[in-house]
Trainee: 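This is the structure I have questions about; it appears just below.
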Amino acid sequence: MDHEPTNQELIDSHREASHTEVSRGAPVLKAGHTFGSVTDQISAIVLSRPTSRGWWLGLAASFVLLMVLNMSIAYLLLRGVGIWGISMPVAWGFAIVNFVWWIGIGHAGTLISAILLLLRQDWRTSINRFAEAMTLLAVACAGLFPLLHMGRPWFFYWLMPYPNTMALWPQFRSPLVWDVFAVSTYASVSLLFWYIGLIPDLGTLRDRATSRAAQVLYGALALGWRGSAMHWHRYRVASLLLAGLCTPLVVSVHTVVSFDFAVAIVPGWHTTIFPPYFVAGAILSGFAMVMTLAIPLRWLYGLQDFITPRHLNNMAKVILCTAMIVGYGYIMEIFLAWYGNNPYDQAVVANRFTGAYREAYWALLFCNIITPQILWFSRVRQSPKLLFLIALIVNVGMWLERFIIVVTSLSQDYIPGNWGMYYPTFWDWATFIGTVGLFFTLFFLFVRFLPMIAIYEMRELVHETSEHHAND
Amino acid sequence: MAQIFHPNTNAISRASIFGALFAVVIAGWLLDSFNRSDYWTEVGVPRAQPVPFSHAHHVGDIGLDCRYCHASVETSAFAGMPATEVCLGCHSQLFNKAAILEPVRASLREQKPLQWNRVHHLKEFAYFNHSIHVAKGVGCSTCHGPVNEMPLMWKQNSLSMQWCLQCHRHPENYVRPKEAVFDMDWQPPADQAEQGRRLVELYHIAKLEPAGAAPQEPRKSASASKAAAAKSSPDDYFEEEQQTGAAPVVKFRDPLTNCSVCHR
Amino acid sequence: MLPTKPTLYGLMAEFTEPDELLRAAKKAHAAGYRRIDAYTPIPVDGLSEAIGFRHTKLPLITLIGGLIGGIGGYAMQYIAMSVHYPLVIAGRSFDSWAAFIPITFEMTILFASLATVLGMLALNGLPMPYHPVFNVPSFALASRDRFFLCIEAVDPVFELEPTRTFLLNFSPLAVHEVKP
Amino acid sequence: MSAAISSIEPMTLDALRRKLAERGSKPLWRSLDELAETPEFMEYLHREFPKAASEWQSGTSRRRFLQLMGASLMLAAAQGCTRQESQAIVPYVEAPRDFKPGQVQHFATATSRGGYGLGLMVESHDGRPTKIDGNPRHPYSHGATDVFAQASILNLYDPDRSQTVLNAGRISTWDQWLTELRPALDRVRAARGRGLSLLTGATSSPTLIAQIKDLLQQFPEAKWHIHEPCDLQQHRYGGQTAGQRPLDKLYDLTKAKRILALDADFLGSGPDSLRLTRQYAQRRRDELSSAQMTRLYSAGPAPNCTTAMADHHRPLPAAKVRNVLFRLNQMLSGAEAKWLPSGLAADEQAWVDTVAADLKQHGAESVVIVGDSQPADVHAFARDANRQLGCVGPQGCVRYVASILAAAADGVRPLAELVDDLNGQRVAVLAMLGGNPVYDAPADLDFAAAMKKSSATSIHLSAYDNETSQHCLWHIPALHELESWSDIRALDGTASIMQPLIEPLYGSATKSAHDLLGVLAGEKAPKSAYERVSAHWTQWLKDRQPIANFDVTWATWLQDGVIADSASEAIGADAALKAEPRDEAAPNQDLEKKSPTAKSLEIVFQPDVAVWDGRYANNGWLQELPRPISKLTWGNVAGVAPQLAERLNLQDGDLVTLTLDGRSVEAPVLRMPGHADNCVSVTLGYGRTRAGHVGNGVGFNAYLLRGRENLNSAQGLEIAKTGRKLDLAMTQHHHSLEGHVEWTDNTRPEPVRSGEIADFEKDPHFLQQEFDRHSPPSLLPNFEYSGYAWGMSIDLNSCVGCNACVVACQAENNIPIVGPEQVRNGREMHWLRIDSYYRGDPTSPETFFQPLACQHCEHAPCELVCPVAATTHSPEGLNEMTYNRCVGTRYCSNNCPYKVRRFNFLEYNDATTPVLKLLRNPEVTVRSRGVMEKCTYCVQRISAARIVAKREDRSIHDGEVVTACQAVCPAQAIVFGDLNDPKSAVNQRKASPLNYQLLGELNTLPRTTYMGRLRNPNPDLVALEADRSQAPNATVHPLDPQQLGAG
């Protein structure tokens, strides 16, 4: 990314972007908004609007679940991973399933803000902020599991390269070490990206804030942003560069996660289709989660002006598309088992369709492949309620997919003498539900204390749309 | 709009960003060096003993041989601690009234063993065998330091894995002639590197022994050992060679660094 | 950047429309003012060029960061696995470069991103919580819907009254004196 | 869960057979349900989360929770820290002479198997025995041991061992006992011993027998009773006149080309099983031609190691063994004319006739072996058969010797008499030297009631305060075999001195039988056991070689572990016949009435292969030992044939009520392919109430059904379903019973490769595949192992699945037990497991064993994925596991295609009980929670050998390193050694054309390889069985009247 875009290009990009988009009809921003109106309406949510009862209830509920998480972690440290249902041969259970699931969810945010930025999709502006926040929180939840699932978590730092008196290093050939690097890189870069995006809005909040405390808080975080023209210039370049860096990163992360399985020789894991199909799955689950959050939010905070049917429509299309890719992944798995004529792979496929966990497998096919098909109908794509429902179903489906991949493959691998089943225990469930609590607790705090929509980008949107009208 | 911050917050805030990164590094460095510090490893910290036994006196002044007390050092993993009767072998005659030796006499009288405080403590998952080290020309003082100058015993080296590896990776820097193993005053000669390499060859240290030859004389591929002499780190541990025609093979030597040597 | 005349940092004209600001900025630059800056709630295209800002080194910084990360990443793995403590792992060669690629890649991205962000902040002289322009009461609107053009007193061409009149030509909402 | 299973409808056998047929080429299968793939079964399996709450229920109290909570966090903190804690070194006051600290010593001794001796070689670390192995010089060990010998070391250190004298349950002392006993003893002495009753177990100890005989001379009126609950030869006490001694049989299978085993598990249990297994396996391994190879026929009620190894196994009720022999003798005698009906079903008779023909053809090179649980007349039949075959005699396959166990000839009286005396108040002092009659005496004797009724001063010498001690006035803690001096004789009479390996753990309170007898004899100055034993043998030696130097000889005896030429002479077959005469008419009278019918079933009582008669019930290693074939742990079951289960609509784990002669118990059912129809087999030794913390309340007590008349089998059993269900703890089948779709199963390579000797003769390599000969090409450079290259070969042809290796491994490597709940979750820790597979018709399938431990792959998949290099490869080719580096991601286990890695899911090792610390092998790290572990090829032994070799500046000899599993294996199925040494034994094995790699197609290059299993079936029988499988119902009602008439 050392090619430096001139402002002219930037202008043009936004011009044509706005052209094409608007010509497609549905606006990305309800008409009639001014710089002032968007600024005030969004910052009000954080600064002046009284906290709604709904918010309090939501936070309380999530907090309860968060406490469940604490309990299960405490008990885990106390007794050991044996409190879970894992066994030989199924040595990985919910922990890894949840890890992959959360990481997958964590993909939409960066994808929206990075790839869609590069693709100059201006409809991303109103959803990218909380999508990125969602990414961070999801990655935080995901990050818990690799730690917790270790037999001796207090030695987690042995997975990092650091000078030690044992003269030992991590074993860099292991996909788990790749994970450590991939996930931590992803977390830190997403955090940077998100924070950089926040700076101008923090400035806005600083200037809108009335209480001294708020002024100092937001002021400190805003780093003294004052909207200088030169700053804006570098700022945009930086955003573009980060976007350019995040795009391969976001693809790499879930690729590496898929290596956890693809590198192993377990039948049902050891296939080359995994990286693309994991990434697609990640985007699918990510967008599903964005939808799950966006639809209630716009209704709760009356953001219909900013998150318009147009956005829902586009996200629905992305879901439909990725669902098809994932479906292709499933089909290829089956095809390769048959075509590769590997008895073990064939056994895995057969086991998935007819074996002990077949209900889960059928359910995931229904959730991830069948359900999204109704998104072909634009009427469905227009109905927030239906979309919300579909998003939920897809979330479940993607979890099931990971469950199937992890558990069925392990429960029956090569030698019949060591086959076994996996039965989750109370603690498996508690830990899983607990992270959901962690996620929503943090998310509620986010929507309360930070602008969930990028204010300055909305102002840009106002500017462009008005310019466009001027040009008519 | 009123200023929220005082002018010199600028300096502070800028410092804080890079300061934070710096602080992390410093903290890590501190932890590491603490972990290696003598305070933590107790290197050079004399241990109090029920009887203030002085190696300096018995070894340094009188010149007792290590094996007089540590009898099983050549045959067993454990160097051995002298039974009370060994002490009294002399001290029934010498200083047989001395107050400080009362615990020893009491031990024999009451048939209660003495309880010495351990100075060199290895974790239970690390297995160390004295006999083989002694047999291959690793001197007492190489690990235990100038015992003949220690009034009360202390640890000369940290016994950390890294410390073990120094020698296990480059024995030639440490080995001495077998006859000098128990010599407390032995100092490495000027050409230790050369001598060492010779001894490594001589004592068959750290060479895999190719199977098949008659058990009596040690089996050892001369070529491999010559190569070893020539090579320098990292090739001490392996050499990669393309065999014409055949599949490429990585030859490697030195079982000294494989895990089960110390951990089972 | 402290003003030579401690009494005044500069003059600041306040506009409601980005285009007005853009016009004023261009004129000001044409009039030979060099120490000028514009403050806007949104990035206004062409503004930075208008006040004579050409080009940023940021991409270069990113590149360097990336290279450091990548090379460092691979070196770390190579040294650890085949020089410092070579262990036979699953019969793989000590330098299994293929297995080192993912981490090399991640390290590249990480360092490049860090370089970009820190570089951007550094070049922008951020953080700077205190700045004279904040003394202007209505500057709070710079992050809402007002557009400001500031000519600094240190500018050689700067003369308080002429500059004020010069700015008034563009019929701004107001022209403020910026206390240092 | 139970609901889930009980909802399962069983699948009919025909359907199963059809499924097998559909699968085309005979596939291996593991269990009936796998075969069935019944939808209902799937249904149950789909309830994926039946255990959801288990951990929660087993959760700790809140208070405990918080305590541990703190503890665990501190632990987490502490783990990081390594600052040296203060620790003491404690030298001797006076060092024992020939003793080097930190060095391993070995001592020869012996142990008792139902009175018979087994020579042992015990390993001692700094004065504490840690590992038991066989004594190579002992004729019945040859260096091998069985599971009991292996596990008995755990009994020595068992925290539940009784440690003090008890008086009516209250703690007392030895002297207290002496004083309080004196009056009673005086009275007895006054009455020339009237009222003194002695109860012992079966014994062959010369010193002990002599001591008792002295006592009986001193007290002519006193009585000596023997009760051995699982006496291997129950028929012994039947109708003998004093002076006669029952016979023991000494088989020599090295000469046997044909073996017919009738209700005999000669490979699995018995005092000579080790010797016979070795001989059988040797011949089976070395004679690889259809002309020479041994062919093993077996017929019997319940599947066991022998039936599994048989080339032809015929499920047969115990009662019909008599019929089979009857028929067999007719066939051998060949005198058509005066044939009586054999009472066999048509197809059974056909089977016997074919076998008879084969035996007859091989004459003296064939032998008939009858199980010791069969009554005397059946053994007499067998003797006839063997005589007709001409295999009796010093050169033949079987010799007879007078039993060396104390018997009627020594004035021993049966237990029943004692019970009468007790009830009749004719006992003043009852001294029980060991044993546990209250628990294991025949139920109809009701020993407990008799004890209550009697006013006798009862004394119980026992290692545990058990059910019997509870009913006794006095309990004296007994010494363990490794704590006291004694002696014992093996089956052939060879005597061994039992020497103590360690001072009594619980001090002078613990006594041996010798001490107790000394007291009863009223000795003023009681001699020590050592004095008695040495005195006896001094005399013995004097009698034979008056001039010999006793001390020297004694020393050699102790060193060798056997006493030279102490064996007894054989008796000719005719003499043997005289020794145990039988009523010619008896058999065919009994033939019918003794045979089971569908209505009244037969029940077979067998000692459990793990806890024997119950004496090992508190031994965790044995409780958790997967039984051969069934893979059941922690409990016993009522074994039934699949077809019987089908008729009675029973599923595995169903609780049924077994009723016999009005006595009944509840037992879980387990379907056993190859089990005799209309017959239920139960194992004894379970349902203990005072065994200890481990053994209490495990399983059900089959003794409650056992009457004095029918100790080994009985007719007229009734079985009734309770509708309740038990979740059996099995290590192999677990809950993963759902099967595979046929189109995958046909192509799946079978883990156990097997074929017939005929095919082998056509092409010796017929079991091998491409990758078995040379490994597939690889992109990566291969490492060259230029030094030692350790490898192992396991011969599936020899392995009889006796499990000894599993316990040996557990003992050598400090492997913890995890308990039934964890076993159900699939968390057993055995580094070495023995998989079992079936092939063919469920009613009598072929059975296969496969010992499976870490294969030490050169391309080990586990190593690649370990993030911290905790598992790595050594330059000698070992796949090493560094416990202290492991962080427990369990990725390695997932990526292990053999699934031989074991994980400490919880803190399994008992780190708190002090006495257990003595048990541990100091050369092996005790693994903590959260750490992966696995077979290491006994790397501690390799290191020890290497250090010695390097010290002596030589290389390790072949056979210098012997792994624990190899050392213990009676069949010598396991061989370990250096692959770079062309002359090494392991290379000889691997050169065999039967050598193959497990999952070699994955190019893991395993260092452990297998030798395929060869079967030697009888073509005529194959044809016969083929016809029978046309009409599957033939087996279902073996005694249907028409067929009887036909016979």
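If you're wondering where the values come from, they're calculated on a predicted model, not measured in any experiment. Just the heavy atoms: all of them, side chains too, but no hydrogens, waters or symmetry mates, feed the values below. Letters A, B, ... mirror the listed sequences (proteins, then strands); counts begin at 1.
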Trainee: Is it the backbone or the side chain of C:L58 that comes under 4.5 Å from a heavy atom of chain A, or both, or neither?
Mentor: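 When you check distances to chain A, atoms from both the backbone and side chain of C:L58 fall under 4.5 Å.
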Trainee: Quick check for you: among A:I199, A:L242, A:L205, A:L168, which has the greatest number of heavy-atom pairs under 4.5 Å with chain C?
Mentor: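 Answer, by heavy-atom pair count under 4.5 Å with chain C: A:L242.
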Trainee: Need one label for A:P248: side chain, backbone, both or neither, based on atoms under 4.5 Å from any heavy atom in chain C.
Mentor: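 Contact with chain C: backbone and side chain both.
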Trainee: For the residue pair C:F100 and A:F172, categorise the inter-ring angle as parallel (less than 30°), tilted (30 to 60°) or perpendicular (more than 60°).
Mentor: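 C:F100 vs A:F172 ring planes: perpendicular.
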Trainee: For C:I64, which of C:I61, C:T62, C:L67, C:I68 qualifies under side chain to side chain contact (heavy atoms under 4.5 Å, CB included)?
Mentor: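 With C:I64 as partner, side chain to side chain contact (heavy atoms under 4.5 Å, CB included) holds for just one option, C:I68.
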Trainee: Please state whether the side chain, the backbone, both or neither of C:F147 comes within less than 4.5 Å of a heavy atom of chain A.
Mentor: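 For C:F147, side-chain heavy atoms alone lie under 4.5 Å from chain A.
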Trainee: At a 4.5 Å cut-off on heavy atoms, which part of A:P200 comes close to chain C: side chain, backbone, both, or neither?
Mentor: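 It is neither, since no heavy atom gets under 4.5 Å.
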Trainee: Identify which part of A:T185 has an atom lying under 4.5 Å from any heavy atom of chain C, answering side chain, backbone, both or neither.
Mentor: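 The answer is both parts of A:T185.
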Trainee: Please work out whether the ring planes of A:W232 and A:Y456 are parallel, tilted or perpendicular, with thresholds of 30° and 60°.
Mentor: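 Tilted: the ring planes of A:W232 and A:Y456 meet at 30° to 60°.
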Trainee: Between A:Y162 and A:Y157, what is the ring plane arrangement, given parallel below 30°, perpendicular above 60°, and tilted in between?
Mentor: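 Judged by the thresholds at 30° and 60°, the geometry between A:Y162 and A:Y157 is perpendicular.
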Trainee: Please classify the contact of C:P43 with chain A as side chain, backbone, both or neither, using a heavy-atom distance under 4.5 Å.
Mentor: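 Looking at C:P43, backbone and side chain both touch chain A.
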Trainee: Measure A:I196 against the heavy atoms of chain C and call it side chain, backbone, both or neither at under 4.5 Å.
Mentor: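 Side chain only.
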Trainee: Among A:V180, A:D201, A:T255, A:D40, which residue has the highest count of heavy-atom pairs closer than 4.5 Å to chain C?
Mentor: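 Option with the greatest count: A:D40.
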Trainee: Might you point out which heavy atoms bring C:R144 and C:P41 nearest each other, and give the distance in Å?
Mentor: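 Looking at all heavy atoms of both residues, the closest pair is O-CB, 3.3 Å.
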Trainee: Taking the six-membered ring for Trp, are A:F259 and A:W178 parallel (under 30°), tilted (30 to 60°) or perpendicular (over 60°)?
Mentor: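 The arrangement is perpendicular - the two ring planes meet at more than 60°.
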Trainee: Against chain C, label A:T204 side chain, backbone, both or neither, depending on which of its atoms sit under 4.5 Å from a heavy atom there.
Mentor: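 When you check distances to chain C, atoms from both the backbone and side chain of A:T204 fall under 4.5 Å.
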